[in-house]
Amino acid sequence: MSYIKWPVILAILLFPALSIVLHNAGNACLFVLLICSIAALILRCKPMGITFSQMLKDYWPLHLAMASLFIAVILNQFSLGIFDAKQYDRALRLAIFAPVFWIVMAAPLKYLKYVQWAFICGIIAATIKIYLVTDGGVSRPGNIGFLLIIAFSDIALLLGCMTLLSIGWNSRRSKMIMALKFIIFIASLYITILGQSRGTWIAIPFFVIFVVHSWRRIQLRHKLMLAIFSLVVVGSVFTFSGTVETRVTEAKSDISLYLHGKNVDTSLGIRLQLWRASWELFKERPVFGIGRENFGIGLETLSAQNQITPLAASLAHSHNELLFNLTILGIFGLLANLSIYCVPAYYFSREIHHPDRDIRVAAGMGILLCLGFFIFGLTDLMFFWTVLGGFYCMSVATFLAIIIKRKKELKAD
């Protein structure tokens, strides 16, 4: 087990820092954990003294939820009478959660908590990368490296908020560390400004309120003051940004043009077209869905019928996670998508009021992860990017492992 432990630790600490800045690094970390898990099974190792079968039994609702999208793809392909292996790729990152979760428990608790420093390193690297790619915010390319600029901004904000939440793991005397973490949070806001992602900005007030509310050691009046102060800081950062004002003005204009039928091919107009089109395609096969491979064909058909424009028909997905899975995988796709958010969130929410702060912080990070992916998924597809499926899988495993291992320590004491 000692030989397996170190690659597991390395993969856990590298994935938050590298997953959005280095191509395939996140996927590599995920598959290192999978390989270590297979090796542990062959060698009959027991992380924390728990067998793989026992872990499956104890957490079967969670494993089923994480594998549900994979199951929905199987049901869709059986209903269509086809088999296309590449359609399983994205769902596979979530489906392998069980062995990943099991092997993550091989890492000692103190190393798992070092993930907070990986968040910081990730934000620093992401800030440098987006500044260089956008020329300091002058340009707005579609992608930041291998990720869409929207998804890049989403994960950067999530890492920044998790860093802010991790202050709960520091003592009150660690003023410099707390200050550093607050600066990192501001840096994550700066990334969203450079990325000009309006969908990311929607999540900011929800995140700030949740993080401040999670600081249990702080009195209610102080929480309110911190929440107001944080929102004022955020508001100030955005108020003095001409980029933000421009993007908000564009959004208002896009909606007005769409409603009056003058120009439906704006950024928001295309999204609204795709959402309507997705609903129309869903109604064709509501139970098992039309299949990912038929989504583009369906859009082209609607375009030929003048229900959407050719530009909208050229896009690869619905720009809404729930709608897209509802369309391509039917009701089973929607239920799978919701279970991926809600079931892990349930496990974390049970511990959010635990008297031990290590457990509370890990639970808070888990809820923030689920909440973030849900909010971001309303305006874009997070699991469309394989590296983000791996990010979600490893993050859920890490935060839940921290809770389990800390509970074991408390029980031993």
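Computed from a predicted model, the values in this text were never measured in an experiment. Because only heavy atoms are used, hydrogens play no part in the values below, and waters and symmetry mates are left out as well, while side chains stay in.
- Counting heavy atoms from C-beta outward, R285 and S79 have side chains that approach closer than 4.5 Å.
- Here the closest non-hydrogen pair linking K5 and P108 is CD-CD, 3.7 Å.
- The two residues D380 and A151 have their closest heavy-atom pair at OD2-N, 4.4 Å.
- Between the CG atom of N27 and the CG atom of L18 there is a distance of 12.0 Å, given to the nearest 0.5 Å.
- When every heavy atom of P141 is checked against every heavy atom of I149, the shortest pair comes out as O-CD1, 3.6 Å.
- Aromatic ring orientation, Y59 versus Y347: tilted (interplanar angle from 30° to 60°).
- The backbone N or O of S253 sits nowhere less than 3.5 Å from a side-chain atom of S256 that would complete a donor-acceptor pair.
- With sequence neighbours excluded, no residue forms a side-chain contact (heavy atoms from CB on, under 4.5 Å) with K175.
- No more than 12 heavy atoms of other residues, nucleotides or ligands lie within 6.0 Å of NZ in K57, so this atom counts as exposed by the packing criterion.
- Looking at residues two or more places apart in sequence or on another chain, you find a ring-ring contact (aromatic ring centres under 6.0 Å, His included) between F282 and W279.
- For the residue pair D135 and S139, the shortest heavy atom distance occurs at OD2-OG, 3.9 Å.
- Contact between A40 and I103 at its shortest, heavy atoms only, is CB-CD1, 3.7 Å.
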Exercise for the section: Report the C-alpha separation of F324 and N337 in whole Å, then their side-chain angles, then the decisive distance to 0.1 Å, and conclude whether the side-chain contact (heavy atoms from CB on, under 4.5 Å) test is met. Expected result: CA-CA 10 Å; F324 188 60; N337 208 160; over 6 Å; no
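- A donor-acceptor pair under 3.5 Å links the side-chain atoms of K405 to the main chain of A107, judged by distance alone.
- Without hydrogens or angle criteria, S278 side chain to L274 main chain gives a donor-acceptor distance under 3.5 Å.
- Within the model, atoms CG of L30 and SG of C393 stand 5.5 Å from one another, a figure rounded to the nearest 0.5 Å.
- L164 places none of its side-chain heavy atoms less than 4.5 Å from the side chain of K181.
- With hydrogens and angles ignored, the 3.5 Å screen pairs a side-chain donor or acceptor of D356 with a backbone N or O of I359.
- Classification of the F399-F119 ring pair by plane angle, with boundaries at 30° and 60°, yields perpendicular.
- Contact annotation: the side chain of L334 never approaches that of N325 to less than 4.5 Å [non-hydrogen atoms, C-beta and beyond].
- Annotation: the span from I255 atom CD1 to R271 atom CZ amounts to 11.5 Å, rounded to 0.5 Å.
- Between F210 and F207, the ring center distance fails the sub-6.0 Å criterion.
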Exercise for the section: Check the pair S153, T200 against side chain to side chain donor-acceptor pair (under 3.5 Å), reporting the backbone distance first and the verdict last. Expected result: CA-CA 7 Å; S153 298; T200 306; 4.7 Å; no
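- Between M394 and I12, the closest side-chain pair of non-hydrogen atoms is not below 4.5 Å.
- Using a distance-only test at 3.5 Å, with no hydrogens or angles considered, a donor-acceptor pair links the side chain of S188 to the main chain of F185.
- Between F383 and Y392, the ring-plane angle classifies as perpendicular under the 30° and 60° cut-offs.
- Under a 3.5 Å cut-off, the side chain of Q273 and the backbone N or O of V264 do form a donor-acceptor pair.
- Between R292 and N76 there is no side-chain heavy-atom pair separated by less than 4.5 Å.
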Practice task
Take L329 and L69, measure what side-chain contact (heavy atoms from CB on, under 4.5 Å) needs, and give me the verdict at the end.
Solution key: CA-CA 9 Å; L329 301 174; L69 201 60; 3.9 Å; yes
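- Ring geometry for F373 against F391 counts as parallel: the plane angle stays under 30°, on a 0 to 90° scale with 60° as the upper cut.
- The backbone N or O of N170 lies less than 3.5 Å from a partner atom in the side chain of R357, making a donor-acceptor pair.
- Ring centroid separation for the pair Y111 and W6 comes in under the 6.0 Å cut-off.
- I20 approaches K129 most closely through the heavy-atom pair O-NZ, 4.1 Å.
- In this structure, L157 and I191 have side chains that are not in contact, with every pair of non-hydrogen atoms separated by 4.5 Å or more.
- To the nearest 0.5 angstrom, I184 atom CD1 is 9.5 Å from W117 atom CH2.
- In this structure the side chain of R198 reaches within 4.5 angstrom of the side chain of S267, judged on heavy atoms.
- Checked by atom type and distance alone, the side chain of R360 never pairs as donor or acceptor with a backbone atom of E351 at under 3.5 Å.
- How far CG of L158 is from CG of L369: 6.0 Å, rounded to the nearest 0.5 Å.
- Using bins of under 30°, 30° to 60° and over 60° for the plane-to-plane angle, the ring pair F83/Y88 lands in the tilted bin.
- Residues S68 and F332 form no side-chain contact, since every pair of their non-hydrogen atoms from C-beta on lies 4.5 Å or further apart.
- Side-chain atoms of R406 never come within 3.5 Å of backbone atoms of L109 as a donor-acceptor pair (strictly under, hydrogens ignored).
- Within 6.0 Å of OH in Y346 there are 12 or fewer heavy atoms belonging to other residues, nucleotides or ligands.
- Checked by atom type and distance alone, the side chain of E321 pairs as donor or acceptor with a backbone atom of M382 at under 3.5 Å.
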Practice task
Given side-chain contact (heavy atoms from CB on, under 4.5 Å), test I404 with F101 step by step and report yes or no.
Solution key: CA-CA 11 Å; I404 294 169; F101 174 46; 3.5 Å; yes
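- To the nearest 0.5 Å, atoms CD1 (I150) and OG1 (T379) are separated by 6.5 Å.
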